[in-house]
Amino acid sequence: MSKYDDIVHYQDYEELVRILKESNNNYDMRKIQKAYNLAEKAHGDQRRISGIPYILHPTSVACIVAGFGMDTDSVIAALLHDVVEDTEYSLDYLRKEFGKDVANIVDGVTKISKIKLYSREEQQAENVRKMLIAMSNDIRVIIVKLADRVHNMRTIECMPEQKRRDKSRENMEVFAPIAHRLGMKAVKEELEDLSLRYLDPIGYKEIEDALMLRENEREKFIEKKKKEILKASKMPAGKIYVSGRVKSINSIYRKTILRGKTMDEIYDFFALRIIVDDIKECYNILGVIHDLYNPIPRRFKDYISTPKPNMYQSLHTTVIDSEGIPFEVQIRTWEMHQTAENGIAAHWKYKLGFTRIVNNKKAKELDANINRIRDVLQAQIDTDDSTDIIRNIRNDFDQNEVYVFSPKGDVFNLPNGSTVIDLAYLIHTEVGNHMVGAKVDHRIVPIDYKLKTGEICEILTQKDSHPRRDWLEICKTSSARSKIRQWFKRERRDENIVEGKMMIERELKRSNIYLEDEQLEDLLSFMLRKNKFNTVEDLYASVGYGGIQLWKVMPRIKEEYALKFKPHEDEPVISKPKPARHRRITSGVIVDGMDDCLIKFSHCCNPLPGDEIIGYITRGFGVSIHKRNCTNIPKDISKAEEPERYVSVRWEEEIKQSNFRANLEIICTDRTGLLADVTIALSSMRIFIHTLNSRHITEDQAIVVATIDVVDKEHLETVINRLKSIKDVISIRRF
Ligand code: MN
């Protein structure tokens with residue numbers, strides 16, 4: 001038995017009408033009835049998973065919203081919140097029939113429900129929270145969404161286990177913190193408690209049972225304190241309201257189970273709340289309490305003179321009675337109480353000129369202090385509709401950021417003023433390099449389009465497209481700019497390589513020397529080490545842009561030619577096709593069911609053509625290719641955490657990409673010159689070396705680790721065999 005067991009799961013329209021009438025607020029009942037009629041018609045005979053008519057969900061949400069004391073448009077938006085998403089009625093229709101505010105709230109709620117909220121990364125959760133607040137240009141969006149969440153949690157029992165846990169985690173990570181931020185304590189506690197029930201059913205039950213055990217004891221204690229305080233205050237019973245306060249299960253859970261304390265060690269396990277009419281009386285009562293019991297030093301907090309950022313106000317103190325039992329006391333006015341429970345929603349009333357909420361008769365006797373606080377709030381609210389309240393509340397959120405999401409619901413966080421180019425490069429360098437355009441909210445936008453929070457942005461790419469120089473002027477982030485620059489540098493390099501090679505060939509032709517590419521590279525290999533080049537490409541590039549002046553080196557090249565090719569031509573040539581030197585972007589891998597997706601070869605296992613492979617769909621970085629037996633890939637995919645992310649892939653029949661990385665581990669007897677021998681062997685085979693390191697493993701053994709480019713598995717075997725023939729090499733292993 002908990003306080004949530006009594007909650008009515010579904011409330012119908014009649015109930016809503018009753019709540020609205022009892023509220024004493026001026027609701028536009030005609031308009032609300034019209035909204036209900038539409039919702040009823042639109043949802044027709046749709047049913048919830050439990051089999052209950054769907055319409056009872058929006059009416060229940062509307063009841064919760066009305067319970068906060070929200071205005072007519074909020075109640076209407078609550079009634080219609082699922083209409084645009086789930087039925088044939090459009091946003092434009094709602095705008096025409098109910099005005100732009102209602103349409104805007106419904107639109108916001110619909111958008112939020114499309115975002116993928118739960119993620120394992122804390123950073124992402126923070127982004128999502130920030131974005132939800134930022135994208136709610138009208139705070140009522142969040143309030144209606146929270147009510148929707150609360151109702152879904154109340155009725156989540158019939159959902160499958162995994163769904164309940166996912167939703168519960170979303171609540172803990174995203175919605176409860178937002179409710180807290182908006183001061184909506186009742187919502188926060190209900191979301192947390194109902195979620196905890198699914199996330200840790202055993203812990204939840206433990207606390208619930210412990211609370212039950214102490215319930216009698218607690219009630220007696222509270223009754224006794226009530227009497228003592230009433231007597232000491234000398235106030236008439238109607239002027240002071242004293243009640244026991246049960247802490248939320250989640251807050252006890254965090255103090256006991258998570259911090260290893262026992263229930264008896266929690267100070268404020270016994271807690272009293274005293275509500276009076278004005279601020280002066282709050283401080284009077286505090287005096288009474290401190291006379292009556294012994295205050296615990298440093299446990300007094302005055303949130304009346306210094307309200308919490310979410311507007312919460314109260315006096316807190318912890319005292320010990322004559323029997324040595326500590327208990328916490330909260331003292332506040334009715335108005336503060338309303339704010340403490342419903343936060344921002346409570347303040348909504350002022351904007352609407354609603355009558356006071358709880359204690360109407362005291363309206364005229366408002367304490368000067370309350371007036372002051374109210375004036376501040378009023379001022380904030382009046383300056384510029386609701387956006388200002390939210391601006392005030394999220395003052396710790398960076399205004400200089402925008403949050404947009406991908407069609408799949410991933411959230412990306414960019415500086416204000418960022419364009420679709422910045423987003424493309426943020427997603428992945430290759431996405432940026434191949435971007436041809438972008439769609440925002442499903443419409444094509446120009447390339448200099450500046451993104452706004454809450455927009456869904458899809459980057460359009462094409463395999464053979466590339467960046468343009470004017471992007472450098474358009475993009476906002478320096479990371480995008482540097483990636484574009486890098487691309488141009490690399491691209492120029494390719495042009496330079498072609499140019500340099502042609503220049504050398506032209507010069508040789510003049511001497512009637514015609515060589516195959518392989519022979520040419522072989523001829524030029526003598527120049528590499530001298531000029532500290534790794535590959536012959538570096539040499540070509542250097543010639544191409546004029547770093548090496550050809551007229552200076554041509555005589556030496558011709559000399560070398562005479563030496564190498566003319567007298568004896570028995571130099572063994574490795575019988576492998578020369579790797580195509582132009583790195584095409586084609587990946588060589590086909591992903592079943594996906595054309596033209598981004599491919600990345602994983603560096604954990606460096607798959608080669610010929611290996612059995614599998615693809616893994618990453619978050620925002622395309623498909624990464626692993627060897628099937630890579631240690632990072634589960635043996636049984638069906639038992640993987642997210643099996644749907646694994647896709648079957650295969651090598652293209654004809655691989656256009658020339659270079660694949662392979663890691664080699666060479667164990668050898670240590671001697672001087674060994675590393676040099678390996679380097680020479682590799683460069684004689686024209687193997688591009690990415691890294692080459694060696695270290696001792698025993699007194700006389702060393703391990704050389706090399707990352708090299710090879711064409712495929714067969715090529716790698718040739719390379720390994722060649723390396724094995726080096727003196728003192730003991731074994732070679734690919735990893
Ligand atoms: Mn809903």
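We count ligands from 1, going down the list as the structure has it; atoms in each ligand are counted the same way. Quantities reported herein were computed from a predicted structural model and do not represent experimental measurements. Values reported hereafter were calculated over all heavy atoms of this structure, with side chains retained and with hydrogens, waters and symmetry mates removed.
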Within 45 degrees of the axis of the six-membered ring of Phe98 and under 6.0 Å from its centre: does Lys34 put its NZ or CZ there?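 Flagged: Lys34 positioned over aromatic ring of Phe98.
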By ring-ring contact (aromatic ring centres under 6.0 Å, His included), which residues pair with Tyr13, not counting sequence neighbours?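 ring-ring contact (aromatic ring centres under 6.0 Å, His included) check on Tyr13 returns Tyr36.
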Residues two or more places apart in sequence or in another chain: which of them pass salt bridge (Lys or Arg N to Asp or Glu O under 4.0 Å) with Glu14?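 Glu14 satisfies salt bridge (Lys or Arg N to Asp or Glu O under 4.0 Å) with no residue once adjacent residues are dropped.
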Identify the two heavy atoms, one from Leu16 and one from Ala66, that lie closest to each other, and give their separation to 0.1 Å.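 That would be CD1-CB, 4.0 Å.
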Go through the structure and list residues passing side-chain contact (heavy atoms from CB on, under 4.5 Å) with Ser60, not counting sequence neighbours.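 If we apply the side-chain contact (heavy atoms from CB on, under 4.5 Å) test to Ser60, skipping adjacent residues, the hits are Tyr10, Gln11, His151.
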Please list, in chain and residue-number order, the protein N/O/S atoms closer than 2.8 Å to the Mn ion (ligand 1).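 His57 NE2, His81 NE2, Asp82 OD2, Asp148 OD1, with waters left out.
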For the ring pair His57 and His9, is the centre-to-centre distance below 6.0 Å?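 When the ring centroids of His57 and His9 are compared, they turn out to be at least 6.0 Å apart.
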